[in-house]
Amino acid sequence: MKKIIALVAGIAMSMTAVFAEHTVGLGFNIPVNSLKVEDTDVSEHGFGFDLTYLFIHENGFSAKADAALNIMDTDDIPSDGSMGNFVFDLGAGYTFLNKEKFTVSVLGMLGMTLGGHSKDYEIEDYKVTYDCSWLTFDIGADVIGKYKFTDHFGAFVNLGLRYAINMKTNEELEFEDSDVNELFGYSNDDLSTKGIRFQPTLGVCWSF
């Protein structure tokens with residue numbers, strides 16, 4: 001039994017080596033989002049980093065996974081520009097151009113984004129704390145191009161477009177009157193977030 005398992009594992013490894021290429025990349029993001037948080041239009045901009053894995057079979061079938069951490073800001077709701085969002089995506093598609101040095105792949109993608117904004121500020125005699133966070137389900141597509149400078153080292157460009165569908169959105173607003181040590185506010189978790197996310201990425205990669 002052990003010999004059979006070893007034989008199957010050996011065949012699988014040899015097929016992977018011959019018929020597929022794996023690529024791991026680290027990229028820099030410049031995301032731009034156009035969202036609607038309940039009745040408020042929220043345009044976001046920011047920067048971040050992305051970790052990408054790309055699988056390309058010799059028949060063109062391709063699969064991709066990536067995780068990104070971005071720092072976002074907006075002028076449309078209170079934001080101090082320090083709150084990040086976390087993005088995770090999985091997808092599959094086809095590599096239309098598959099040369100020794102250069103590949104171009106198009107993939108359908110599914111994922112989730114955890115994001116939001118917060119800010120502390122003052123209104124007259126009150127200290128105000130605002131916090132809005134959301135979790136969305138994202139569906140869209142990626143176009144990724146990769147160029148290898150050597151047999152293993154290269155660079156990649158990825159253009160990702162998503163439509164965000166609300167899963168959960170929560171908004172909190174807290175007022176503190178320091179003169180009388182009074183604290184009051186409200187919380188609303190019956191809100192909705194939806195819209196378009198665009199995330200271009202430029203990075204370096206290692207293929208094997």
Side-chain angles (χ1 to χ4, degrees), residues 12-36 42-72 84-116 134-168 193-208:
M13 291 179 64
S14 64
M15 289 181 64
T16 300
V18 173
F19 297 115
E21 181 179 68
H22 307 266
T23 298
V24 178
L26 178 64
F28 179 75
N29 305 319
I30 310 177
V32 178
N33 303 328
S34 179
L35 304 175
K36 195 172 189 69
V42 178
S43 296
E44 293 184 306
H45 55 274
F47 65 92
F49 295 95
D50 177 277
L51 183 63
T52 295
Y53 168 75
L54 177 65
F55 168 88
I56 300 177
H57 194 275
E58 73 165 6
N59 64 13
F61 172 78
S62 305
K64 184 172 180 283
D66 57 57
L69 180 62
N70 301 313
I71 302 298
M72 306 299 295
N85 68 17
F86 178 74
V87 184
F88 179 73
D89 293 299
L90 292 171
Y94 188 77
T95 296
F96 293 91
L97 182 61
N98 191 0
K99 303 295 184 181
E100 183 179 354
K101 291 285 189 180
F102 186 57
T103 63
V104 177
S105 309
V106 178
L107 307 103
M109 304 294 292
L110 299 174
M112 292 192 299
T113 297
L114 177 63
W134 52 75
L135 177 66
T136 61
F137 174 75
D138 306 327
I139 182 170
D142 278 8
V143 178
I144 181 169
K146 173 172 62 73
Y147 182 83
K148 291 195 294 185
F149 302 110
T150 70
D151 289 342
H152 299 287
F153 179 73
F156 75 95
V157 175
N158 186 85
L159 301 177
L161 186 65
R162 305 283 188 275
Y163 181 73
I165 303 169
N166 183 71
M167 295 182 68
K168 183 175 180 61
T193 299
K194 58 185 178 181
I196 301 296
R197 305 184 188 279
F198 176 62
Q199 182 167 294
T201 305
L202 175 64
V204 295
C205 59
W206 184 265
S207 299
F208 55 95

Relative to each other, are the rings of His57 and Phe55 parallel, tilted or perpendicular (30° and 60° limits)?
tilted
Between Ala67 and Phe88, what is the shortest heavy-atom contact and its length?
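Heavy-atom minimum between the residues: CB-CD1, 4.1 Å.
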Search all heavy atoms of Phe61 against all heavy atoms of Ala92 and return the closest pair with its distance.
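So the minimum-distance heavy-atom pair works out to CE1-CB, 4.1 Å.
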Atom NZ of residue position Lys194 - does it have more than 12 heavy atoms of other residues, nucleotides or ligands inside 6.0 Å?
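Count not over threshold, so no.
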Counting distance only, does the side-chain N/O of Thr103 pair as donor-acceptor with the main-chain N or O of Lys101 below 3.5 Å?
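Absent.
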Any non-hydrogen side-chain atom of [X] less than 4.5 Å from a side-chain atom of [Y]?
X      : Y      : answer
Lys146 : Leu97  : no
Pro31  : Met72  : yes
Phe137 : Leu110 : yes
Leu54  : Phe156 : no

Applying the side-chain contact (heavy atoms from CB on, under 4.5 Å) test to Leu135, which of Thr113, Thr193, Leu114 qualifies?
Leu114
Residues two or more places apart in sequence or in another chain: which of them pass ring pair (Phe, Tyr, Trp, His ring centres under 6.0 Å) with Phe47?
none
Applying side chain to side chain donor-acceptor pair (under 3.5 Å), can you list everything that pairs with Thr136, at least two apart in sequence or on another chain?
Asp138, Arg197
Can you list, pair by pair, the side-chain donor-acceptor contacts under 3.5 Å of residues 199-208, counting residues two or more places apart and other chains?
residue	atom	partner	partner atom	Å
Gln199	OE1	Asn70	ND2	3.0
Thr201	OG1	Asn29	OD1	2.6
Ser207	OG	Thr23	OG1	2.8

Mind checking whether Phe96 and Tyr94 have ring centres under 6.0 Å apart?
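Under 6.0 Å, so yes.
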